[in-house]
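The structure under discussion appears below in the form of structure tokens.
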Number of protein chains: 2
Amino acid sequence: MSESAETNAPRWRRLPGERPRQILDAALEVFGERGLAAARLEDIARSAGVSKGTIYLYFPNKEALFCEMIREIPSRHIASVEAMISEDASAREQLRQYLRNSWDYVRTPSFEILYRLILSELHHFPDLYEQFIEEVPMRSMRILGDIVKRGIASGEFRDIDPLAAGRMLHSVLFIHGVWAAKRARIPFMRDLSDNQVLDQLVDFCLHAIGQVPVPTASHVHT
Amino acid sequence: MSESAETNAPRWRRLPGERPRQILDAALEVFGERGLAAARLEDIARSAGVSKGTIYLYFPNKEALFCEMIREIPSRHIASVEAMISEDASAREQLRQYLRNSWDYVRTPSFEILYRLILSELHHFPDLYEQFIEEVPMRSMRILGDIVKRGIASGEFRDIDPLAAGRMLHSVLFIHGVWAAKRARIPFMRDLSDNQVLDQLVDFCLHAIGQVPVPTASHVHT
DNA sequence: CGAGTAAGTTACTCATGAGTCAGTAACGTT
DNA sequence: AACGTTACTGACTCATGAGTAACTTACTCG
């Protein structure tokens, strides 16, 4: 029964085109779980469905695999976040859109893992770090800063340093994303839905940079 | 010369009272540099001025040392942050005071290291994690929430969920602290002084929860 | 001053896991 | 179908570092 005639099942297959991706995905999982030092290459191999030796056909060593993973993963997602901002909307509306899009990105497990690894293994890979900073937070801050700048010009937002505002907006969004990813284990996030948190974020941010306390609020004097 | 008569210099000294603290400080340094898995007990020992065996006189193993360190360090600092808030000041002024005090704490190297380790080694020590969350961010959020609540009652702040506001305020402060600790390597922090960042934080936060856009008092010095 | 003991050291064992390499199996080619 | 090539395997080596324990040294107290 183990060797039936019709199933010419090979014990393994040659898939040189797909291996790198498979290995990188497995690496994200295992490095994410245990960190760079404690992760075992054999675990990555098993999770990728290959043997340890195969990893060395595609990556020179553990560190290189790690770096390649950090380099490769974010580029898959980011572009999509930026694309969908309506050119002709008001600055306030653009801000809402961008926060909503980023919120989706920033909550993905891979973002949380990547950020955690970057933060903790930082020291030893300065170039990698700079690249990540440039590619994720800086980019986000610049876009936010531009929206703020336009909002100031149009009178929607108060006179605030756009770069500083971009940094603030990014920071609050970003950290809430990290928290949301492990929401179940964080008391102050457990009872909130993703949308509730997003609403709170938008509300907070719009008030922080808004010209007036937002349309309705000028008469709240109980 | 090597064995002079009058210097009865012992090769090492018995200091059972001071060892734990010395070892914990060394542990912070080495774990902070390399992470839990990659840190070598011998490095910690050398940095503490003892031999490896001595560590095992005070801590059962590497993990226990790590946990004890995480548990012990924050308790040294935190209380001081909370003490100095004037009871009779306005909510806005209390908020300013608290942000300034926290800003000092959150920028210390040990905070940055601790937070980084907590974040990355988390998975494997759930109780430790919960304790930290409770002791640092939750505590901070609650205090901020209380100040906000008082400010709403007094009409200084707009009608906002105090817990949510506390979370927002904490998040933005917190992440800026982490960034400030490695400021030199972060492009968007390099050109700002600690006080400038603090001013930006205070400005942003007060506008976010303020009833009105704040009476032009944005540059209050030390 | 000289046991006795607490504190500390050093040399050791032993498990672990990165990296290697000789061999094996899939697959294209003719 | 036999051959050659290339993808892949898995058993090996070897360095490393946690944990241990037999030994040594500082200090105490009668």
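Numbers restart at 1 for each chain; the letters A, B, ... are given by sequence-line order, proteins then strands.
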Checklist line | Interatomic distance where CZ belongs to B/Arg13 and C1' belongs to C/dT9 [whole Å] | finding: 17 Å
Item checked: Backbone of B/Gly49 reached by a side-chain donor or acceptor of B/Gln22 within 3.5 Å -> no
Item checked: A/Arg96/A/Glu93 ion pair, N-O < 4.0 Å -> yes
Next item on the list: Side-chain contact test, heavy atoms from C-beta onward, threshold under 4.5 Å: evaluate it for A/Ser51 versus A/Thr54 and give yes or no.
Entry: yes
Next item on the list: Please confirm whether the backbone N or O of B/Gly166 pairs with a side-chain atom of B/His170, one donor and one acceptor, at under 3.5 Å?
Entry: no
Next item on the list: Answer yes or no: is there an ion pair linking A/Glu135 with A/Arg139, defined by an N-O contact shorter than 4.0 Å?
Entry: no
Note to self: Heavy atoms from C-beta onward define the side chain here; which of D/dC27, C/dA25, C/dG8 lies closest to that of B/Leu15?
What the structure shows: C/dG8
Margin query: Among residues 30-50 of chain B, which ones have heavy-atom contacts with DNA chain D below 4.0 Å?
Written below: B/Ala39, B/Arg40, B/Leu41
Check: By a strict heavy-atom criterion of less than 4.0 Å, which residues belonging to residues 52-64 of chain B are in contact with DNA chain D?
Finding: B/Lys52, B/Tyr56, B/Asn61, B/Lys62
Notebook entry, point to check: Heavy-atom distance under 4.5 Å between the side chains of B/Phe204 and A/Asp161, does that happen here?
Noted result: no
Item checked: Nearest-Å distance for atom pair CZ/P, residues B/Arg11 and D/dT24 -> 11 Å
Margin query: At less than 4.0 Å, is any side-chain N or O atom of B/Arg19 found next to OP1 or OP2 of C/dA7? Yes or no.
Written below: no
Note to self: Angle between ring planes, A/Phe125 versus A/Phe66, binned at 30° and 60°: parallel, tilted or perpendicular?
What the structure shows: tilted
Check: With under 30° as parallel and over 60° as perpendicular, where do the rings of B/Trp179 and B/His176 fit, or are they tilted in between?
Finding: perpendicular
